[in-house]
Amino acid sequence: MAVDPVRAQYETYPYPARDPKDEAKRLITGSPSHLRELTHWLFAGRLSQERPFRVLVAGGGSGDALTMLAQQTADAGIDADIHYVDLSEATRKIAEARIAARGLTERVTFRTGSLLDAAEWGPFDYIDCCGVLHHLPVPQDGFRALAAALAPRGGMGVMVYGETGRTGVYETQAALRLLARDDEPPAKRVALAKRYLNALPASNRLVRNPLVRDHKTGGDAGLYDLLLHSTDRAYTVPQLEAEIAAAGLRTVTYIDPARYAPETYTREQDLRNRAAALAAGDRAALAEAMAGNMPVHIAYLTRADRAEDTVARIAPDAVPVFRDAETEAEFRAMPPGAPSLPVSIDGLDLALPLPRDAKTILDRIDGTSSLEQIRQDLPAASDWDRFHKSFTQLFAALNGFSQLFLTR
(Lines give C-alpha, C1' and ligand atoms only; values in the text may rest on other atoms or scores of the structure.)
Protein backbone atom coordinates (compact mmCIF):
# COMPACT_ATOMS: atom_id res chain seq x y z
CA MET A 1 0.00 0.00 0.00
CA ALA A 2 1.46 3.36 -1.04
CA VAL A 3 2.30 5.79 1.74
CA ASP A 4 0.68 9.23 1.50
CA PRO A 5 3.73 11.53 1.23
CA VAL A 6 1.91 14.49 2.80
CA ARG A 7 0.86 12.50 5.85
CA ALA A 8 4.34 10.95 6.10
CA GLN A 9 5.89 14.44 6.05
CA TYR A 10 3.83 15.69 8.97
CA GLU A 11 4.32 12.53 10.99
CA THR A 12 8.07 13.19 10.75
CA TYR A 13 8.00 16.99 10.89
CA PRO A 14 4.86 18.29 12.66
CA TYR A 15 4.24 21.80 11.44
CA PRO A 16 4.72 24.42 12.64
CA ALA A 17 7.25 23.26 15.21
CA ARG A 18 5.77 23.96 18.66
CA ASP A 19 6.57 23.04 22.27
CA PRO A 20 3.47 22.70 24.51
CA LYS A 21 5.53 23.99 27.46
CA ASP A 22 5.58 27.39 25.80
CA GLU A 23 1.84 27.80 26.41
CA ALA A 24 2.74 28.97 29.91
CA LYS A 25 4.63 31.91 28.36
CA ARG A 26 2.49 33.16 25.49
CA LEU A 27 -0.53 32.77 23.25
CA ILE A 28 0.25 32.75 19.52
CA THR A 29 -2.32 34.85 17.66
CA GLY A 30 -2.78 35.71 14.01
CA SER A 31 -5.13 35.70 11.04
CA PRO A 32 -7.45 34.20 10.08
CA SER A 33 -9.56 33.26 13.11
CA HIS A 34 -8.67 35.93 15.64
CA LEU A 35 -11.98 36.12 17.53
CA ARG A 36 -12.51 39.89 17.32
CA GLU A 37 -11.54 39.90 13.67
CA LEU A 38 -13.83 37.08 12.55
CA THR A 39 -16.72 38.45 14.62
CA HIS A 40 -16.36 41.84 12.93
CA TRP A 41 -16.27 40.47 9.38
CA LEU A 42 -18.58 37.46 9.55
CA PHE A 43 -21.11 38.09 12.33
CA ALA A 44 -21.75 41.86 12.20
CA GLY A 45 -19.86 42.34 15.46
CA ARG A 46 -21.83 39.95 17.66
CA LEU A 47 -21.94 36.18 18.17
CA SER A 48 -25.27 34.65 19.08
CA GLN A 49 -25.26 32.89 22.44
CA GLU A 50 -28.51 31.02 21.92
CA ARG A 51 -26.44 27.82 21.51
CA PRO A 52 -22.76 26.79 21.51
CA PHE A 53 -20.60 28.39 18.82
CA ARG A 54 -19.61 25.41 16.65
CA VAL A 55 -16.13 25.65 15.13
CA LEU A 56 -14.10 23.37 12.86
CA VAL A 57 -10.33 23.75 12.62
CA ALA A 58 -9.68 21.86 9.39
CA GLY A 59 -6.13 20.64 8.96
CA GLY A 60 -5.26 22.12 12.32
CA GLY A 61 -1.57 21.19 12.34
CA SER A 62 0.21 21.66 15.64
CA GLY A 63 -2.60 23.85 16.88
CA ASP A 64 -1.96 27.59 16.45
CA ALA A 65 -5.48 28.53 15.29
CA LEU A 66 -7.05 25.90 17.54
CA THR A 67 -5.30 27.17 20.66
CA MET A 68 -6.04 30.80 19.83
CA LEU A 69 -9.75 30.13 19.26
CA ALA A 70 -10.12 27.93 22.34
CA GLN A 71 -8.44 30.48 24.59
CA GLN A 72 -10.12 33.56 23.14
CA THR A 73 -13.61 32.07 23.29
CA ALA A 74 -12.96 30.96 26.87
CA ASP A 75 -11.69 34.42 27.85
CA ALA A 76 -14.76 36.01 26.26
CA GLY A 77 -17.14 33.67 28.10
CA ILE A 78 -18.39 32.16 24.84
CA ASP A 79 -19.77 28.63 24.95
CA ALA A 80 -17.79 27.02 22.13
CA ASP A 81 -17.86 23.51 20.67
CA ILE A 82 -14.57 23.28 18.76
CA HIS A 83 -13.62 20.39 16.48
CA TYR A 84 -10.07 19.74 15.26
CA VAL A 85 -9.07 17.41 12.44
CA ASP A 86 -5.67 16.67 10.95
CA LEU A 87 -4.29 13.72 9.01
CA SER A 88 -1.13 13.40 11.17
CA GLU A 89 -1.26 11.67 14.54
CA ALA A 90 2.09 13.14 15.59
CA THR A 91 0.88 16.66 14.83
CA ARG A 92 -2.43 16.06 16.59
CA LYS A 93 -0.62 14.99 19.77
CA ILE A 94 1.16 18.34 19.92
CA ALA A 95 -2.13 20.21 19.47
CA GLU A 96 -3.74 18.10 22.20
CA ALA A 97 -0.87 18.79 24.58
CA ARG A 98 -1.12 22.54 23.96
CA ILE A 99 -4.84 22.54 24.70
CA ALA A 100 -4.30 20.41 27.82
CA ALA A 101 -1.59 22.80 29.03
CA ARG A 102 -4.18 25.57 29.02
CA GLY A 103 -6.89 23.52 30.70
CA LEU A 104 -9.19 23.78 27.68
CA THR A 105 -9.63 20.10 26.80
CA GLU A 106 -13.39 20.08 27.42
CA ARG A 107 -13.88 22.68 24.69
CA VAL A 108 -12.25 20.60 21.92
CA THR A 109 -13.04 17.35 20.09
CA PHE A 110 -9.99 15.87 18.33
CA ARG A 111 -9.99 13.69 15.21
CA THR A 112 -7.32 12.19 13.02
CA GLY A 113 -8.62 12.21 9.48
CA SER A 114 -9.30 14.21 6.35
CA LEU A 115 -11.03 17.57 6.07
CA LEU A 116 -12.78 16.11 3.03
CA ASP A 117 -15.10 14.40 5.51
CA ALA A 118 -16.01 17.68 7.23
CA ALA A 119 -19.69 17.55 6.29
CA GLU A 120 -20.10 14.44 8.45
CA TRP A 121 -19.41 16.51 11.60
CA GLY A 122 -21.16 19.75 10.64
CA PRO A 123 -22.79 22.09 10.29
CA PHE A 124 -20.37 24.63 11.73
CA ASP A 125 -20.81 28.31 12.46
CA TYR A 126 -17.16 28.96 11.71
CA ILE A 127 -14.47 27.00 9.87
CA ASP A 128 -10.75 27.73 10.00
CA CYS A 129 -8.56 26.29 7.24
CA CYS A 130 -5.13 27.88 7.32
CA GLY A 131 -2.31 26.72 5.06
CA VAL A 132 -3.99 23.47 4.01
CA LEU A 133 -6.05 23.78 0.83
CA HIS A 134 -3.01 24.53 -1.31
CA HIS A 135 -1.52 21.16 -0.26
CA LEU A 136 -4.44 19.08 -1.54
CA PRO A 137 -4.07 17.22 -4.85
CA VAL A 138 -7.32 18.90 -5.96
CA PRO A 139 -7.88 22.02 -3.83
CA GLN A 140 -11.42 22.45 -5.12
CA ASP A 141 -12.34 19.19 -3.39
CA GLY A 142 -11.35 20.86 -0.12
CA PHE A 143 -13.22 24.08 -0.82
CA ARG A 144 -16.38 22.10 -1.64
CA ALA A 145 -16.05 19.84 1.40
CA LEU A 146 -15.77 22.81 3.74
CA ALA A 147 -18.60 24.65 2.03
CA ALA A 148 -20.80 21.57 2.59
CA ALA A 149 -19.93 21.65 6.30
CA LEU A 150 -20.75 25.34 6.74
CA ALA A 151 -23.98 26.41 8.42
CA PRO A 152 -26.24 28.61 6.26
CA ARG A 153 -25.35 31.70 8.32
CA GLY A 154 -21.78 30.61 9.04
CA GLY A 155 -18.42 31.89 7.89
CA MET A 156 -14.98 30.63 7.05
CA GLY A 157 -11.41 31.90 7.38
CA VAL A 158 -8.83 30.53 4.92
CA MET A 159 -5.18 31.09 4.11
CA VAL A 160 -3.52 29.94 0.91
CA TYR A 161 -0.17 30.77 -0.63
CA GLY A 162 0.10 33.88 -2.80
CA GLU A 163 1.98 33.66 -6.07
CA THR A 164 3.47 37.15 -6.26
CA GLY A 165 5.30 36.90 -2.94
CA ARG A 166 6.76 33.41 -3.38
CA THR A 167 9.27 34.02 -6.14
CA GLY A 168 12.07 31.50 -5.99
CA VAL A 169 10.16 28.90 -3.99
CA TYR A 170 8.97 26.74 -6.85
CA GLU A 171 12.23 26.90 -8.77
CA THR A 172 13.95 25.67 -5.60
CA GLN A 173 11.40 22.89 -5.12
CA ALA A 174 11.99 21.75 -8.71
CA ALA A 175 15.77 21.85 -8.28
CA LEU A 176 15.61 19.76 -5.11
CA ARG A 177 13.43 17.18 -6.86
CA LEU A 178 16.24 16.79 -9.39
CA LEU A 179 18.82 16.30 -6.68
CA ALA A 180 16.97 14.26 -4.04
CA ARG A 181 15.73 10.70 -4.57
CA ASP A 182 12.17 9.86 -3.56
CA ASP A 183 13.34 6.96 -1.40
CA GLU A 184 15.75 9.04 0.68
CA PRO A 185 14.69 9.54 4.34
CA PRO A 186 13.35 12.98 5.31
CA ALA A 187 16.38 13.91 7.42
CA LYS A 188 18.71 13.25 4.51
CA ARG A 189 16.54 15.36 2.21
CA VAL A 190 16.65 18.23 4.70
CA ALA A 191 20.43 18.00 4.95
CA LEU A 192 20.71 18.05 1.16
CA ALA A 193 18.40 21.08 0.96
CA LYS A 194 20.56 22.96 3.46
CA ARG A 195 23.68 22.27 1.44
CA TYR A 196 21.89 23.38 -1.72
CA LEU A 197 20.75 26.64 -0.10
CA ASN A 198 24.28 27.36 1.11
CA ALA A 199 25.54 26.97 -2.46
CA LEU A 200 23.10 29.44 -4.03
CA PRO A 201 24.52 32.64 -5.53
CA ALA A 202 23.22 36.10 -4.63
CA SER A 203 21.38 36.24 -7.97
CA ASN A 204 19.03 33.36 -7.04
CA ARG A 205 15.39 34.44 -6.77
CA LEU A 206 14.81 32.72 -3.44
CA VAL A 207 17.93 34.33 -1.98
CA ARG A 208 16.67 37.70 -3.21
CA ASN A 209 13.14 37.22 -1.81
CA PRO A 210 12.92 38.65 1.73
CA LEU A 211 9.24 37.70 2.09
CA VAL A 212 9.82 33.95 2.42
CA ARG A 213 11.66 33.01 5.60
CA ASP A 214 10.37 29.66 6.83
CA HIS A 215 13.50 27.85 5.64
CA LYS A 216 15.49 30.22 7.85
CA THR A 217 13.27 30.61 10.90
CA GLY A 218 11.03 27.52 10.96
CA GLY A 219 13.61 24.85 11.74
CA ASP A 220 13.71 21.59 9.81
CA ALA A 221 9.90 21.41 9.78
CA GLY A 222 9.68 24.85 8.20
CA LEU A 223 12.33 24.08 5.60
CA TYR A 224 10.66 20.81 4.63
CA ASP A 225 7.22 22.41 4.41
CA LEU A 226 8.48 25.23 2.21
CA LEU A 227 10.94 23.52 -0.12
CA LEU A 228 10.40 19.75 0.01
CA HIS A 229 6.62 19.46 0.13
CA SER A 230 5.25 16.92 -2.36
CA THR A 231 2.01 18.83 -3.07
CA ASP A 232 2.08 22.60 -3.17
CA ARG A 233 0.63 25.41 -5.26
CA ALA A 234 0.16 29.18 -4.98
CA TYR A 235 -2.68 31.46 -6.08
CA THR A 236 -3.18 34.81 -7.67
CA VAL A 237 -6.32 36.64 -6.55
CA PRO A 238 -8.24 35.74 -9.76
CA GLN A 239 -7.31 32.08 -9.37
CA LEU A 240 -8.42 32.07 -5.74
CA GLU A 241 -11.66 33.87 -6.55
CA ALA A 242 -12.42 31.19 -9.14
CA GLU A 243 -11.93 28.42 -6.54
CA ILE A 244 -14.14 30.27 -4.05
CA ALA A 245 -16.96 30.83 -6.54
CA ALA A 246 -16.83 27.26 -7.85
CA ALA A 247 -17.44 25.99 -4.33
CA GLY A 248 -20.55 28.13 -3.88
CA LEU A 249 -18.79 30.61 -1.61
CA ARG A 250 -18.10 34.34 -1.77
CA THR A 251 -15.37 36.58 -0.38
CA VAL A 252 -16.32 39.00 2.38
CA THR A 253 -12.85 40.50 2.71
CA TYR A 254 -9.16 39.84 2.34
CA ILE A 255 -6.83 40.42 5.28
CA ASP A 256 -5.46 43.01 5.59
CA PRO A 257 -8.17 44.80 3.57
CA ALA A 258 -6.04 47.89 2.94
CA ARG A 259 -3.46 45.75 1.17
CA TYR A 260 -6.13 44.74 -1.36
CA ALA A 261 -7.27 48.32 -2.02
CA PRO A 262 -5.54 49.95 -5.03
CA GLU A 263 -5.88 53.40 -3.45
CA THR A 264 -3.41 52.29 -0.78
CA TYR A 265 -0.66 52.41 -3.39
CA THR A 266 -1.39 55.55 -5.38
CA ARG A 267 -2.59 59.13 -4.87
CA GLU A 268 -3.01 59.64 -8.63
CA GLN A 269 -6.71 60.52 -8.87
CA ASP A 270 -7.43 59.10 -12.32
CA LEU A 271 -5.98 55.73 -11.33
CA ARG A 272 -8.00 55.77 -8.11
CA ASN A 273 -11.19 56.60 -10.03
CA ARG A 274 -10.60 53.81 -12.52
CA ALA A 275 -9.89 51.34 -9.71
CA ALA A 276 -13.03 52.41 -7.84
CA ALA A 277 -15.14 51.47 -10.87
CA LEU A 278 -13.92 47.86 -10.80
CA ALA A 279 -15.70 44.91 -9.20
CA ALA A 280 -14.40 43.92 -5.76
CA GLY A 281 -12.42 40.91 -7.01
CA ASP A 282 -10.82 42.94 -9.78
CA ARG A 283 -9.87 45.67 -7.32
CA ALA A 284 -8.14 43.06 -5.17
CA ALA A 285 -6.36 41.62 -8.22
CA LEU A 286 -5.16 45.09 -9.21
CA ALA A 287 -3.85 45.76 -5.72
CA GLU A 288 -2.03 42.42 -5.71
CA ALA A 289 -0.31 43.31 -8.98
CA MET A 290 0.61 46.78 -7.73
CA ALA A 291 2.02 45.63 -4.39
CA GLY A 292 3.85 42.55 -5.68
CA ASN A 293 4.58 41.39 -2.13
CA MET A 294 1.84 38.97 -1.05
CA PRO A 295 3.26 35.56 -0.02
CA VAL A 296 -0.14 34.47 1.31
CA HIS A 297 -3.79 35.34 0.82
CA ILE A 298 -6.04 35.37 3.90
CA ALA A 299 -9.76 35.67 3.27
CA TYR A 300 -13.04 35.49 5.15
CA LEU A 301 -15.80 33.70 3.22
CA THR A 302 -19.48 32.92 3.49
CA ARG A 303 -21.84 30.84 1.43
CA ALA A 304 -22.74 32.67 -1.76
CA ASP A 305 -26.43 32.45 -0.90
CA ARG A 306 -26.02 34.15 2.49
CA ALA A 307 -27.92 37.33 1.76
CA GLU A 308 -27.53 39.50 4.85
CA ASP A 309 -24.62 41.86 5.41
CA THR A 310 -22.11 40.14 7.67
CA VAL A 311 -19.79 43.09 8.37
CA ALA A 312 -20.00 45.28 11.49
CA ARG A 313 -20.75 48.87 10.43
CA ILE A 314 -20.04 52.27 11.95
CA ALA A 315 -23.14 53.31 13.92
CA PRO A 316 -23.82 55.16 17.19
CA ASP A 317 -24.28 51.92 19.16
CA ALA A 318 -21.20 50.15 17.72
CA VAL A 319 -18.37 49.54 20.19
CA PRO A 320 -14.81 49.88 18.83
CA VAL A 321 -12.26 47.40 20.18
CA PHE A 322 -8.54 47.11 19.62
CA ARG A 323 -7.19 43.85 18.30
CA ASP A 324 -5.49 43.04 21.61
CA ALA A 325 -3.82 44.60 24.65
CA GLU A 326 -0.53 45.10 22.81
CA THR A 327 -2.26 47.04 20.04
CA GLU A 328 -4.09 49.16 22.61
CA ALA A 329 -0.84 50.00 24.41
CA GLU A 330 0.79 50.98 21.12
CA PHE A 331 -1.94 53.48 20.27
CA ARG A 332 -2.11 54.79 23.82
CA ALA A 333 1.54 55.77 23.38
CA MET A 334 0.93 57.54 20.06
CA PRO A 335 1.78 61.27 20.28
CA PRO A 336 -1.09 63.78 19.97
CA GLY A 337 -1.56 65.38 16.58
CA ALA A 338 0.21 62.63 14.62
CA PRO A 339 -0.73 63.34 10.98
CA SER A 340 -0.35 59.76 9.80
CA LEU A 341 -0.03 56.15 10.87
CA PRO A 342 3.25 54.53 9.74
CA VAL A 343 2.81 50.95 8.50
CA SER A 344 5.58 48.61 7.39
CA ILE A 345 4.59 45.21 6.05
CA ASP A 346 6.44 42.76 3.82
CA GLY A 347 8.90 45.37 2.63
CA LEU A 348 6.25 48.02 1.99
CA ASP A 349 6.35 51.31 3.96
CA LEU A 350 3.18 53.40 4.08
CA ALA A 351 1.96 56.50 5.91
CA LEU A 352 -1.83 56.40 6.32
CA PRO A 353 -3.44 59.81 6.91
CA LEU A 354 -5.20 60.34 10.24
CA PRO A 355 -7.76 62.93 11.35
CA ARG A 356 -6.53 65.67 13.68
CA ASP A 357 -8.48 64.28 16.62
CA ALA A 358 -7.28 60.67 16.14
CA LYS A 359 -5.40 60.53 19.44
CA THR A 360 -8.34 62.03 21.36
CA ILE A 361 -10.68 59.37 19.99
CA LEU A 362 -8.23 56.49 20.45
CA ASP A 363 -7.69 57.38 24.10
CA ARG A 364 -11.42 56.88 24.73
CA ILE A 365 -11.67 53.42 23.17
CA ASP A 366 -12.01 51.08 26.14
CA GLY A 367 -13.84 48.07 24.66
CA THR A 368 -17.17 48.95 26.31
CA SER A 369 -18.01 52.51 25.25
CA SER A 370 -20.12 52.96 22.12
CA LEU A 371 -19.22 55.45 19.43
CA GLU A 372 -22.01 57.72 20.64
CA GLN A 373 -20.62 57.61 24.18
CA ILE A 374 -17.14 58.35 22.86
CA ARG A 375 -18.49 61.28 20.84
CA GLN A 376 -20.21 62.75 23.88
CA ASP A 377 -17.07 62.34 25.98
CA LEU A 378 -14.83 64.31 23.62
CA PRO A 379 -13.56 67.65 25.03
CA ALA A 380 -15.36 69.53 22.26
CA ALA A 381 -18.21 67.22 21.33
CA SER A 382 -19.22 67.61 17.70
CA ASP A 383 -22.45 66.53 16.05
CA TRP A 384 -22.69 62.94 14.85
CA ASP A 385 -22.04 63.75 11.19
CA ARG A 386 -18.79 65.53 11.96
CA PHE A 387 -17.67 62.80 14.38
CA HIS A 388 -18.66 60.10 11.88
CA LYS A 389 -16.45 61.65 9.21
CA SER A 390 -13.48 61.81 11.56
CA PHE A 391 -13.94 58.29 12.94
CA THR A 392 -14.44 56.84 9.46
CA GLN A 393 -11.03 58.11 8.39
CA LEU A 394 -9.43 56.78 11.57
CA PHE A 395 -11.19 53.42 11.25
CA ALA A 396 -10.16 53.03 7.60
CA ALA A 397 -6.51 53.29 8.63
CA LEU A 398 -6.63 50.97 11.64
CA ASN A 399 -9.19 48.44 10.44
CA GLY A 400 -7.45 48.38 7.07
CA PHE A 401 -4.51 46.73 8.83
CA SER A 402 -6.62 44.73 11.30
CA GLN A 403 -5.86 46.77 14.40
CA LEU A 404 -9.38 47.98 15.23
CA PHE A 405 -12.78 46.26 14.96
CA LEU A 406 -16.40 46.91 15.86
CA THR A 407 -18.60 44.91 18.22
CA ARG A 408 -22.16 45.23 19.39
Side-chain angles (χ1 to χ4, degrees), residues 29-32 34 36-37 40-41 162 164-165 210-211 237 252-276 278 280 283-300 311-314 318-365 371 374-375 378 382 385-407:
T29 62
S31 299
H34 188 286
R36 289 180 173 178
E37 183 177 85
H40 173 95
W41 290 111
T164 63
L211 307 178
V237 165
V252 175
T253 189
Y254 287 97
I255 299 295
D256 296 312
R259 298 185 70 182
Y260 292 83
E263 58 268 25
T264 298
Y265 307 107
T266 179
R267 297 296 169 195
E268 211 280 346
Q269 194 57 51
D270 182 58
L271 291 177
R272 291 165 69 96
N273 292 341
R274 290 170 183 264
L278 298 174
R283 282 173 44 79
L286 176 59
E288 174 189 36
M290 294 176 74
N293 70 337
M294 298 180 182
V296 301
H297 295 303
I298 297 169
Y300 284 107
V311 182
R313 301 298 179 184
I314 296 174
V319 177
V321 291
F322 291 109
R323 183 179 187 89
D324 49 37
E326 292 76 17
T327 303
E328 180 176 357
E330 178 182 345
F331 286 107
R332 291 274 183 267
M334 189 176 78
S340 61
L341 174 68
V343 174
S344 181
I345 185 165
D346 288 336
L348 177 68
D349 295 323
L350 300 169
L352 306 179
L354 296 175
R356 286 185 296 177
D357 53 355
K359 173 65 171 175
T360 307
I361 296 173
L362 289 170
D363 283 347
R364 284 161 175 77
I365 295 176
L371 288 177
I374 291 172
R375 182 190 71 81
L378 293 177
S382 59
D385 289 342
R386 196 177 290 180
F387 173 78
H388 181 274
K389 181 178 179 181
S390 186
F391 182 78
T392 297
Q393 182 182 10
L394 174 64
F395 188 72
L398 272 66
N399 178 259
F401 285 91
S402 305
Q403 300 301 299
L404 189 66
F405 306 107
L406 296 174
T407 65

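Scope of the values below: all heavy atoms of this structure, side chains included, with no hydrogens, waters or symmetry mates.
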Rounded to the nearest 0.5 Å, what's the gap from [atom1] on [X] to [atom2] on [Y]? Could you check?
X: L362; Y: F391; atom1: CG; atom2: CZ; result: 8.5 Å
X: F401; Y: L352; atom1: CZ; atom2: CG; result: 5.5 Å
X: T360; Y: L378; atom1: OG1; atom2: CG; result: 7.0 Å
X: Y265; Y: L348; atom1: OH; atom2: CG; result: 6.0 Å
X: F331; Y: I365; atom1: CZ; atom2: CD1; result: 9.0 Å
X: D357; Y: D363; atom1: CG; atom2: CG; result: 11.5 Å

Shortest non-hydrogen contact from [X] to [Y]?
X: K359; Y: A333; answer: NZ-N, 4.1 Å
X: L354; Y: A397; answer: CD2-CB, 3.9 Å
X: P262; Y: A287; answer: N-CB, 3.9 Å
X: L406; Y: A318; answer: CD2-CB, 4.3 Å
X: N399; Y: L404; answer: ND2-O, 2.9 Å
X: P32; Y: E37; answer: CA-OE1, 4.0 Å

I'd like to check the salt bridge (charged side-chain N to carboxylate O under 4.0 Å, His left out) partners of [X]; sequence neighbours left out, ordered by chain and number.
X: R274; result: D270
X: R36; result: none
X: R272; result: none

Which residue is it: E288, R283, M290? I am looking for the one with a side chain to side chain contact (heavy atoms under 4.5 Å, CB included) to L286. M290
Can you name the residues that form a ring pair (Phe, Tyr, Trp, His ring centres under 6.0 Å) with Y260, not counting sequence neighbours?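 For Y260, the residues satisfying ring pair (Phe, Tyr, Trp, His ring centres under 6.0 Å) (neighbours in sequence not counted) are Y254, H297.
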Taking only residues two or more places apart in sequence or in another chain, which ones pass ring pair (Phe, Tyr, Trp, His ring centres under 6.0 Å) with H388? W384
So V311 and Y300, do their side chains get closer than 4.5 Å, heavy atoms only?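 Y300 does not reach V311 side chain to side chain.
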Listed once per pair and sorted, the salt bridge (Lys or Arg N to Asp or Glu O under 4.0 Å) pairs that draw on residues 327-352, sequence neighbours left out: R259-D346, E328-R332
side-chain hydrogen bond (donor to acceptor under 3.5 Å, both in side chains) evaluation trace for R375 with S390: CA-CA 11 Å; R375 182 190 71 81; S390 186; over 6 Å; no
Backbone N or O of D324 within a donor-acceptor pair of the E326 side chain at under 3.5 Å? no
Is it true that a side-chain atom of D256 and a backbone atom of A258 form a donor plus acceptor pair closer than 3.5 Å? no
